[in-house]
2 protein chains.
Amino acid sequence: MLTLWGNLDSGNVYKVRLLWSWLGLAHRRVDVAQTRGEPSTAAFRVLNPIGKVPAVQLEDGRLLAESGAILQFFANGTRYWPDAAWDQAEVLRWMFFEQYSHEPYIAVNRYLLAYAPSRDAFDDERVRRNHPRGVQALAVMEERLGRARWLVGDAPTIADIALYAYTHVAAEGGFSLDGMPGIARWMARLEALPGHIGLLQESAVEVVGFSA
Amino acid sequence: MLTLWGNLDSGNVYKVRLLWSWLGLAHRRVDVAQTRGEPSTAAFRVLNPIGKVPAVQLEDGRLLAESGAILQFFANGTRYWPDAAWDQAEVLRWMFFEQYSHEPYIAVNRYLLAYAPSRDAFDDERVRRNHPRGVQALAVMEERLGRARWLVGDAPTIADIALYAYTHVAAEGGFSLDGMPGIARWMARLEALPGHIGLLQESAVEVVGFSA
């Protein structure tokens, strides 16, 4: 069975869990949480040298890290990774946009405001400076989703999973989705897909603790 | 002919220029520079709503942004984007690692120390906090390149281009590559490939200014 290292409230871990739920793939989860400092331990860095969740182990023992790479690997050969070269590039465009221009502002502010064990003046200033950049990322999404049902083509892809994960909890980072009807309709559409699970909805067959 | 929007000293723009040089593809370049505030103008956002370079226009008029997506689109069908599903995921793993765990520390410190028009106390603290994270990213690369010739498999891929771009100028961000012989050998190997061009080596058939 597939093994997933990560915590339930992480949007990056949720991306993997949501795709696996869409695909009907069973997994066990090892509960590794940044708030407990576990991803940066030596024991975890054997699995992922960069010290971040999610990390995944296949049944044959191979390990894969980075949510975007995990999504592409499991979507490859399914309807969620399109065949056409241009569509593949567009999917990756949105996924790189998410990791570089969306996650560092929207997910980081959510982490700092709702999950970080402690915050200092630098982090407070960081939250303040991140805010307009997160708003801009949401505006870029609204520009697309105000005139299209899905981010790429006319069907859901892993680009939609990648951007849904932190967008649907943007309020926890102090971001309002009021006045973004395209995003609201897109989220409702995605939530109505067969196999949908919520961020905090456990989907593992078994959950075990992590020991460093 | 392909059109590339971006400045010569940007590592993200260089990734595209280096792949096109490997592939022998001619292009014209529109000189758009962050230091002149051009990517955030309304005129540029028509091309790329997120206001960042590089952006590329194909001969048929289609526009593509995000360096990683551009690399995958042009490498698709060439030796630089492998056929095997596992290798594709590994290439993307390194490319997402670059954008999320390498570029925000190594490239951002290079920008703040060597290119930013002005810097305040927040940015100085940011440079200081970024430093150990950049060092860790280089250690992750060294761990791989101390025992392998290329990041993925046994031949160069777009993962190598993605990580070479800012690693080879890491010193401008205050990062030393001393004591990282695997990275040094890998850089020399990459620089010896046919079609190599330097970061500041103009490769466009024509360069035009940007008018907002």
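Just so it is clear: chains get the letters A, B, ... in the order the sequence lines come, proteins before strands, and each one is counted from 1. All figures in this text were calculated on a predicted structure; none of them were measured in a lab.
Within 6.0 Å of the CZ atom in B/Arg79, the count of heavy atoms belonging to other residues, nucleotides or ligands does not exceed 12.
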### Query
Hey, mind stepping through A/Thr167 and A/Met141 against side-chain contact (heavy atoms from CB on, under 4.5 Å) and telling me if it holds?
CA-CA 10 Å; A/Thr167 299; A/Met141 291 177 64; 3.5 Å; yes
- Message: Determine whether A/Phe73 and B/Glu90 satisfy the following criterion, side-chain contact (heavy atoms from CB on, under 4.5 Å), listing intermediate values before the conclusion.
- Response: CA-CA 9 Å; A/Phe73 181 72; B/Glu90 283 282 298; over 6 Å; no
How far apart are the C-alpha atoms of B/Glu66 and A/Tyr100, what are their side-chain angles, what is the distance that settles it, and do they pass the side-chain hydrogen bond (donor to acceptor under 3.5 Å, both in side chains) test? CA-CA 9 Å; B/Glu66 295 293 334; A/Tyr100 195 78; over 6 Å; no
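With a threshold of 4.5 angstrom between heavy atoms, B/Arg126 approaches chain A through its backbone and through its side chain. Both the backbone and the side chain of A/Gln99 come within contact range of chain B, judged by heavy atoms closer than 4.5 Å.
Side-chain contact between A/Asn76 and B/Gln88 is present, with at least one heavy-atom pair separated by less than 4.5 Å. Considering only heavy atoms from C-beta on, B/Leu151 stays 4.5 Å or farther from B/Tyr164 through its side chain.
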Under 3.5 Å, sequence neighbours excluded: what are the donor-acceptor pairs made by side chains of residues 175-190 of chain B?
residue  : atom : partner  : partner atom : Å
B/Ser176 : OG   : B/Asp178 : N            : 3.0
B/Trp186 : NE1  : B/Asp160 : OD1          : 2.8
B/Arg189 : NH1  : B/Arg149 : O            : 2.8

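Of residues 80-87 of chain B, those residues with a non-hydrogen atom less than 4.5 Å from any non-hydrogen atom of chain A are, in numerical order, B/Trp81, B/Ala85, B/Trp86.
Remark: aromatic rings of A/Tyr14 and A/His168 are close, center separation under 6.0 Å.
Counting heavy-atom pairs under 4.5 Å between each of B/Met95, B/Arg133, B/Glu143, B/Glu103 and chain A puts B/Glu103 at the top. Heavy-atom pairs under 4.5 Å with chain A were tallied for B/Arg45, B/Gln136, B/Lys52; the largest tally goes to B/Gln136. Interface check for chain A: of the options B/Val140, B/Leu71, B/Val91, B/Ile70, the most heavy-atom pairs under 4.5 Å are formed by B/Val140.
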